[in-house]
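Side-chain atoms are counted along with the backbone in the values below, which use heavy atoms only and exclude waters and symmetry mates. Numbers restart at 1 for each chain; the letters A, B, ... are given by sequence-line order, proteins then strands.
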Amino acid sequence: MRWSQLHIPTLRADPAEAEAASHRLLVRAGFIRQLMAGHYSLLPLGVRVRTKVMNVIREEMNGIGAQEFLLPSMQPAWIWEKSGRLAVMGEEMFRLKDRKGADVVLGMTHEEIFTSLAVELASYRELPQFWYQFQLKFRDEPRPKSGLIRVREFTMKDSYSFDLDEAGQDASFEAHRGAYERIFARLGIPALAVEASSGNMGGTDSIEFMCPSEAGEDLVARCGNCDYAANLEKATSALPPVTDGPGTPEPRQLPTPSVATIDDLVNKHGIAADRQVKTLVQVIDGQLTLVLLRGDHPLADQKLIDATGAAAIRPAQPDEIVAALGASPGSLGAVGVTDLPVIADLALQGRTDMTTGANVDEVHLTGVDIARDITIGQWADLREVRAGEPCPSCGTPLELVQAIEVGHIFKLGRKYTNVLGVTVLGPDGTAIVPIMGCYGIGVERAIAAIAEVHHDDIGLTWPVRVAPAEVTVVLLSVKDGAARAVAEDIYRGLLAGGADALIDDRDERPGVKFRDAELTGIPYRISVGSRDLADGVVEVTERATGEKTRVPVTEVVALVREIIAAKDA
RNA sequence: CGGGACGUGGCCCAGCUUGGUAGGGCACUUGACUGGGGGUCAAGGGGUCGCGGGUUCAAAUCCCGCCGUCCCGACCA
């Protein structure tokens, strides 16, 4: 490809609207352009990177025996109705009507559609099956952001496994975990495999692949000593044991004028936060519920959703709270409450001599024995861990890192095969409902993650395997016919050897060409100019390190092909 | 959906406070010079100042409404 004829609109200045490094550089280097919030056009260089990323994923998926499909993005609403997810997806799903008035949606994911094809599976002999595709997903994000990281329209590689039983499912899951580890390693994404919540997709054994980056939207709790790592919405920690006093035979009222917070109680009455019970009122699928945590522990919303199976939760409004409990936030408690569900965090188990609100404004109760005084309907892990708390596996202080979710694998169970009526006959002739797994990678988000990890202050530094081109031949002395002939020879030699090469044949000054080569992040540059040619050499520059080598013209093609082959292995 | 900011040629921005012929830089076109780190000079082309309404002799500028975009939060595979 000739730079003179490629559309690579590089910008001299950073785009004003871009914050994240990947966003800024992908726009500036001419890989992407925004059409509207959350929708990006990929330009020729962007398409080349996307193709290479997809090919790595495809090779590894095929490597575990997966078969590639291509399913429609536009889908009938009824199939989502049937799985029960039409309501669950809410406003995040794009919906439209066709000319006949039929309800149609744009797919956010393809469990239903793949499962609808699985009804043609007939025998246990066919299982397991691994089915995948690269297809656009549409999600009406409330807030698209950070370039390709959070968008409303994107390519996902999604795969689904169908197995006869749990043991088979486990093997399929492990096959995918292995494939994902190889994929991210080959893409140059230092992904951490972390325990996660499966969110509204439903499922268990959820593992996210997270690329540490300051542009990331998730927080991962990670142990620096062992391999424990979990999304903050799932992470736990080992808390030091707390010894409580015996307390009083029954709770006692404590007048607490102008105390509205945990801190007030600490400061004005000397009651440590970890000896208090924090009472939150949440509306869980419409049901007012008391949520109890230790005074110094924050609630992890997703844990509450997971523990209750809720579709939606929200904090209760002050007027709802007063109507239900007779007191305002600041003096709330669960002692004696039997008409509302009470769910409590595990860290409160066995605690005695605690302090909590009395459900009378400006009055608290001391000497509360949780088991004796509070009717708790459900115990669950609800608290959000904080940096520095001990790792649950080895006790080392946990660190919190920001990360981009680039992949997610989880087990789906038989939800979809049940509702869509998928069965195969077993060896004994009885019908068996296959069990499913689901495995996703966001392709453009992976590109953004690579860019976040592989750049410096002058541009992108793509790994060879996914770079828009492996090497660019930069003709510096445009007017020098001999130099031009050498550059063209080298370019043709590289192409003939199978290298993905570019030649910058534009009538531009050397500085412009150098800047563009660096900005776009082509891993190797061969500079051809009259000056070095006088000595019979050209200059080879490695983009990532800036390392320059003078190489005889006669050897450069073989040398660069060799380097690329080694990096591309 | 709450909070904040912004919207002026392809890109980055000034002008708005105090209303009076729409500007600069980059990019682009042509010519000359130049040629190993975004070069110089000269001459050009390109604008519904986000949209609609209002005030005014007169609106990029003031007022009202709407739309869009970005950031923080809520939310989120």
Side-chain angles (χ1 to χ4, degrees), chain A residues 7 9-20 23-24 27-28 30 33-39 85 88-93 107-111 137-147 149-152 154 156-158 196-203 206-210 215 217-218 231 233 301-302 305 311-315 404-410 412 438-443 445 458-459 474-480 483-484 504 506-519 525-534 537-539 541 546 548 550:
Chain A
H7 185 57
T10 56
L11 304 176
R12 184 176 291 227
D14 278 334
E17 311 267 67
E19 195 102 330
H23 185 195
R24 186 166 48 79
V27 170
R28 186 163 165 210
R33 287 292 182 267
Q34 180 177 281
L35 177 62
M36 57 177 170
H39 299 261
R85 294 208 293 180
V88 175
M89 293 309 183
E91 294 191 306
E92 205 172 322
M93 181 174 254
M108 302 173 58
T109 175
H110 282 75
E111 280 84 357
K137 309 295 184 194
F138 294 87
R139 299 184 184 180
D140 193 354
E141 286 294 332
R143 176 145 108 88
K145 56 179 286 202
S146 305
I149 291 175
R150 182 157 217 83
V151 292
R152 303 204 304 172
F154 62 98
M156 179 183 272
K157 186 289 297 176
D158 50 326
S197 161
S198 46
N200 64 2
M201 296 300 174
S206 175
I207 293 179
E208 286 173 343
F209 290 83
M210 308 293 287
E217 306 178 278
D218 288 302
N231 192 302
E233 57 189 34
D301 291 356
Q302 188 65 44
I305 291 170
I313 63 168
R314 64 171 175 85
I404 302 166
E405 179 190 346
V406 287
H408 195 170
I409 64 177
F410 49 96
L412 285 174
C438 169
Y439 318 90
I441 295 176
V443 175
R445 186 182 280 185
I458 56 171
V474 177
L475 173 61
L476 300 173
S477 312
V478 180
K479 295 271 167 60
D480 179 343
R484 180 175 289 273
D504 192 345
R506 294 175 296 171
D507 182 11
E508 288 287 355
R509 302 183 62 88
V512 173
K513 298 186 178 188
F514 289 149
R515 296 278 187 172
D516 276 349
E518 285 154 356
L519 183 58
R525 180 177 89 204
I526 301 174
S527 307
V528 182
S530 312
R531 192 189 73 192
D532 282 349
L533 241 31
V537 301
V538 295
E539 187 180 79
T541 309
K548 296 179 179 177
R550 280 157 59 90

Can you identify which nucleotide, out of [options], has its nearest atom closest to the [X] side chain?
X	options	result
A:Arg531	B:G36, B:C28, B:C71	B:G36
A:Pro510	B:G36, B:C28, B:G38	B:G36
A:Glu208	B:C12, B:A77, B:G38	B:A77
A:Phe154	B:G37, B:A77, B:C13	B:A77
A:Ala16	B:C12, B:U34, B:A77	B:C12
A:Leu11	B:C11, B:C28, B:A77	B:C11

Does [X] put a side-chain nitrogen or oxygen below 4.0 Å from OP1 or OP2 of [N]?
X	N	answer
A:Lys145	B:C72	yes
A:Gln34	B:C70	yes
A:Arg12	B:A27	yes

On RNA chain B, more 5' by nearest nucleotide between A:Glu19 and A:Glu518 is A:Glu518
Comparing A:Pro142 with A:Arg506, nearest RNA chain B nucleotide closer to 5' gives the residue A:Arg506
Distance-only donor-acceptor check, side chains A:His110 and A:Lys137, under 3.5 Å: yes
NA contact type, [X], heavy-atom cut-off 4.0 Å: base, sugar-phosphate, or nothing?
X	value
A:Gly529	base
A:Ser146	sugar-phosphate
A:Asp480	nothing

Pairing string of RNA chain B (Watson-Crick or G-U wobble, both atom distances under 3.5 Å; | = paired to other strand) is (((((((..((((......[..)))).((((((.....)))))).....(((((..]....))))))))))))....
A:Arg143 atom CZ is separated from B:C75 atom P, nearest whole Å, by 13 Å
Separation of B:A77 atom P from A:Lys157 atom NZ, nearest Å, is 18 Å
One should read off an interatomic distance between A:Phe209 CZ and A:Ile441 CD1, to the nearest 0.5 angstrom, of 8.0 Å
| field | Short side-chain to backbone donor-acceptor contact, A:Arg28 and A:Leu11, under 3.5 Å | value | yes
